[in-house]
Every structure is written in structure tokens, then in C-alpha cells.
Amino acid sequence: MSITVKFFASLRESIGRADCQLTADGIATAAEAWAVATGGRERPANTLIAVNMEYADGEQAVKDGDEVAFFPPVSGG
């Protein structure tokens, strides 16, 4: 199984990389992809998730070839 995980903005800075490729089996959801990609780091509250460029939640199922992206919450003003 191969899943591409991308981190944007402040998440990229805090994790120290923009993306990674996961080859681990047993990743069934976007939340599990986060856990594996970050070594179990707690996901910040209100982190936005996209699977294959469509907004999703942590329980979104993922499969071989998917791209999972994590974005910090956006505020304007």
C-alpha cells in the first residue's frame, strides 16, 4: 500500500517536512495516516484534511494510491 501524505503551512514547519510516502499496511483512515506519518504526534485541533483533494474527516477511508493532505485552520480578518 502506498499513500502520499502532505503537510501545509505551519504543519509543514512544525513537522519538518512537506510530504512523505507511506508504505505501511494497515492504514485504513486519514487519521491513521497522520499517526503513522508523524510518529504518533497529536493532530492539532481543527486541522483540515483532504483526501484526493476533497475535504474529509479523520475517519475517511484511504486506499492504495491516495493522497492525504493536512492543513492548519485558516482565519481571516
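The figures here come from the full heavy-atom set of this structure, side chains too, leaving out hydrogens, waters and symmetry mates. Here, residue 1 is the first one in the sequence, and each next residue gets the next number. As the structure is a computational prediction, the values presented were derived from the model and not from experiment.
Remark: side-chain polar atoms of Asp64 are paired, donor with acceptor, to backbone N or O of Ser2 under 3.5 angstrom.
Screening Arg12, Glu13, Arg17 for a side chain to side chain contact (heavy atoms under 4.5 Å, CB included) with Ile15, the sole residue that qualifies is Arg17.
Scored by the ring pair (Phe, Tyr, Trp, His ring centres under 6.0 Å) test, Phe8 finds Phe71 as partners (sequence neighbours excluded). In this view, Asp57 and Glu59, Gln60 satisfy the side-chain contact (heavy atoms from CB on, under 4.5 Å) rule, not counting sequence neighbours. Applying the side-chain contact (heavy atoms from CB on, under 4.5 Å) test to Ser10 and every residue at least two apart in sequence or in another chain returns Pro72. Applying the side-chain hydrogen bond (donor to acceptor under 3.5 Å, both in side chains) test to Thr47 and every residue at least two apart in sequence or in another chain returns nothing.
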Identify all side-chain donor-acceptor contacts of residues 34-41 below 3.5 Å with residues at least two apart in sequence or on another chain.
residue: Trp34; atom: NE1; partner: Thr38; partner atom: OG1; Å: 3.4
residue: Trp34; atom: NE1; partner: Arg41; partner atom: O; Å: 2.7
residue: Thr38; atom: OG1; partner: Trp34; partner atom: O; Å: 2.8
residue: Thr38; atom: OG1; partner: Arg41; partner atom: N; Å: 3.3
residue: Arg41; atom: NH1; partner: Ser14; partner atom: O; Å: 3.0

Show the atom names and distances, to 0.1 Å, of all donor-acceptor pairs under 3.5 Å that link a side chain in residues 48-55 to residues at least two apart or in another chain.
residue: Asn52; atom: OD1; partner: Glu67; partner atom: N; Å: 2.9
residue: Asn52; atom: ND2; partner: Asp66; partner atom: OD1; Å: 2.8

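From Glu32, atom CD reaches atom CG of Leu22 across 11.5 Å, with rounding to the nearest 0.5 Å. Taking CZ of Arg43 as the start and CZ of Phe70 as the end, the distance is 6.5 Å to the nearest 0.5 Å. Note: Gln21 CD to Thr4 OG1 = 3.5 Å, rounded to the nearest 0.5 Å.
Proximity of Val5 to Asp19: side-chain heavy atoms (C-beta onward) are nowhere separated by under 4.5 Å. In this structure, Ile3 and Val68 have side chains that are in contact, with non-hydrogen atoms separated by less than 4.5 Å.
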